[in-house]
Amino acid sequence: MENDTALAVNERQQYVGGSDAAAACGQSRFKTAYQLGLEKLGLLDPESLFDDTARERMAFGQAIEPVIADMFAERYRVKLRRHHQLAHDATHPQLCAHYDRTLIGRPEGFEAKNVDSMAFRLGEWGEPGTDMVPTEYYLQCVHYLMVSGYERWHLGACVGGSRLVCYVIERDEEAIDLLREGELDFWHHIERGTPPPLDYQHPTALGLMKRLYRNTNGQTVNLPPEAEALHYARLDFDEHAKLMEKGSDAAKARLMDMMGDASIGLLPNGGAYRRKLVKRGGYVVEDTTYVDFRYSKKGGGNE
């Protein structure tokens, strides 16, 4: 993982790094190209968006990185070199990388990730030894292959703090060309002094707007004509959301009525609904007892 917090903000503004790759190309679930552009232009401090939990998670990831690297080196009987200097792409120096490690004597690199066990089980992780890793991590490794000219990049995931699972991203010239094109297009926006357009449908867009515009100044502004269409679209979406919620509640009520007091209701084609009496002790509120009702793909089993 790139030691982002160890780098000065103004240095990070001067290039596109491996951890920027997915966002720069509009492929990150966690950050838009617009937000990344604001950061590169010095218009947004990324640290301001982190809460204490996120900061602790990042600090822990950095602390455990040497342990993951040592475990990888011991398992595969290789020697790793740690890099402290920024590497630049030979053709486009604004594309840079801070490598976790490279393998001594081989045109290969290594990237360490600390992964929550639940995120690993439910995420985009495939069979060990393949390149089936989350998109953000895949593009990060492709970026490193692009900058370094190496043939493969290993990714070691420490799962749940107790298990090392390893993946391999092989050099793919087509993927490298597409990534380079996307990153350079992003950088052209930065050179012009304007971030890429915001993808308003991105899951982080609304949260970003709330963080960017936290205060009110008492002024009144006239919105453009398109604002009216957006207003009615929002009302329409809200109404559909209410209808969908009502429909879901109605279906849930009918299913519970079909089950009665039964603990498990098996569906004809597999899967089941499970009812369980849950007792919750009082702490701030009074003691409560309620029925937990949920669906499980495994008929009759626990989720």
Side-chain angles (χ1 to χ4, degrees), residues 1-2 4-5 9 12-13 15-55 57-58 61 94-95 113 115-116 118-120 122-126 132-143 146 175 178-216 221 223-242 244-245:
M1 61 194 71
E2 292 188 32
D4 291 347
T5 57
V9 174
R12 291 284 303 164
Q13 294 172 356
Y15 63 85
V16 177
S19 60
D20 300 325
C25 298
Q27 298 298 312
S28 172
R29 294 161 293 178
F30 311 113
K31 182 185 294 188
T32 60
Y34 175 79
Q35 178 181 331
L36 181 64
L38 292 179
E39 295 172 3
K40 297 299 180 183
L41 292 168
L43 301 175
L44 177 66
D45 179 8
E47 292 288 327
S48 67
L49 303 181
F50 297 147
D51 57 20
D52 291 341
T53 300
R55 290 189 181 91
R57 184 170 60 249
M58 292 176 61
Q94 66 272 48
L95 307 182
K113 295 296 181 186
V115 184
D116 177 80
M118 184 65 71
F120 182 85
L122 301 177
E124 301 177 40
W125 300 89
M132 297 297 293
V133 300
T135 300
E136 292 82 4
Y137 299 160
Y138 174 79
L139 292 179
Q140 183 176 4
C141 292
V142 172
H143 178 93
M146 174 181 66
L178 288 172
L179 182 64
R180 181 186 294 112
E181 181 181 353
E183 291 184 354
L184 291 176
D185 180 67
F186 167 82
W187 196 253
H188 290 155
H189 284 277
I190 304 306
E191 291 177 329
R192 292 192 294 267
T194 58
L198 175 60
D199 176 8
Y200 291 101
Q201 295 187 358
H202 194 277
T204 67
L206 182 58
L208 177 61
M209 291 299 98
K210 289 179 178 180
R211 289 180 171 88
L212 287 177
Y213 306 112
R214 299 182 181 184
N215 303 311
T216 59
V221 298
L223 298 176
E226 66 175 303
E228 186 170 7
L230 289 170
H231 166 66
Y232 287 113
R234 186 188 71 82
L235 294 179
D236 191 41
F237 283 128
D238 286 348
E239 186 61 31
H240 276 81
K242 291 177 183 177
M244 295 295 286
E245 185 176 3

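- Heavy-atom minimum distance, Y34 versus L212: CE2-CD1, 4.3 Å.
- Smallest separation of non-hydrogen atoms from L36 and A23: CD2-CB, 4.0 Å.
- When side chains are defined from C-beta on, H188 counts as touching E191, because their heavy atoms get closer than 4.5 Å.
- Under the 4.5 Å side-chain criterion, counting only non-hydrogen atoms from C-beta, V16 is not in contact with I190.
- Minimum interatomic distance between L139 and A22 (heavy atoms only, all atoms of both residues): CD1-CA, 3.8 Å.
- Side-chain contact between F186 and P196 is present, with at least one heavy-atom pair separated by less than 4.5 Å.
- A 4.5 Å side-chain heavy-atom check between P46 and Q35 finds every atom pair outside the cut-off.
- A salt bridge between K113 and E136 is absent, with no side-chain N of the basic residue lying under 4.0 Å from a carboxylate O of the acidic one.
- Note: W187 CH2 to K40 NZ = 6.0 Å, rounded to the nearest 0.5 Å.
- A salt bridge links R234 and D238; the closest N-O separation between the charged side-chain nitrogens and carboxylate oxygens is under 4.0 Å.
- Rounding to the nearest 0.5 Å places NE2 of H240 at 12.5 Å from NZ of K242.
- Nearest approach of A33 to A24, heavy atoms of both residues: CB-O, 4.1 Å.
- Taking every heavy atom of both residues into account, E183 and H143 meet most closely at OE2-ND1, 2.8 Å.
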Exercise answer: donor-acceptor pairs, residues 223-233 side-chain atoms, under 3.5 Å, sequence neighbours excluded:
none

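- The ring pair (Phe, Tyr, Trp, His ring centres under 6.0 Å) test applied to F120 returns W125, not counting sequence neighbours.
- Counting only distance, with no hydrogens or angles, the side chain of R29 and the backbone of P203 share no donor-acceptor pair below 3.5 Å.
- Scanning both residues, Q94 and L184, for their nearest heavy atoms gives NE2-CD2, 3.8 Å.
- Atom CE of M132 has 12 or fewer neighbouring heavy atoms from other residues, nucleotides or ligands inside a 6.0 Å radius.
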Q: Go through M58 and R55 one step at a time and tell me if the side chain to side chain contact (heavy atoms under 4.5 Å, CB included) criterion holds.
A: CA-CA 5 Å; M58 292 176 61; R55 290 189 181 91; 5.8 Å; no
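- Remark: T204 engages T32, H202 in a side-chain contact (heavy atoms from CB on, under 4.5 Å) (not counting sequence neighbours).
- Distance check: Q140 CD to T135 OG1 gives 12.5 Å after rounding to the nearest 0.5 Å.
- Rounded to the nearest 0.5 Å, atoms CG (L198) and CG (L38) are 8.5 Å apart.
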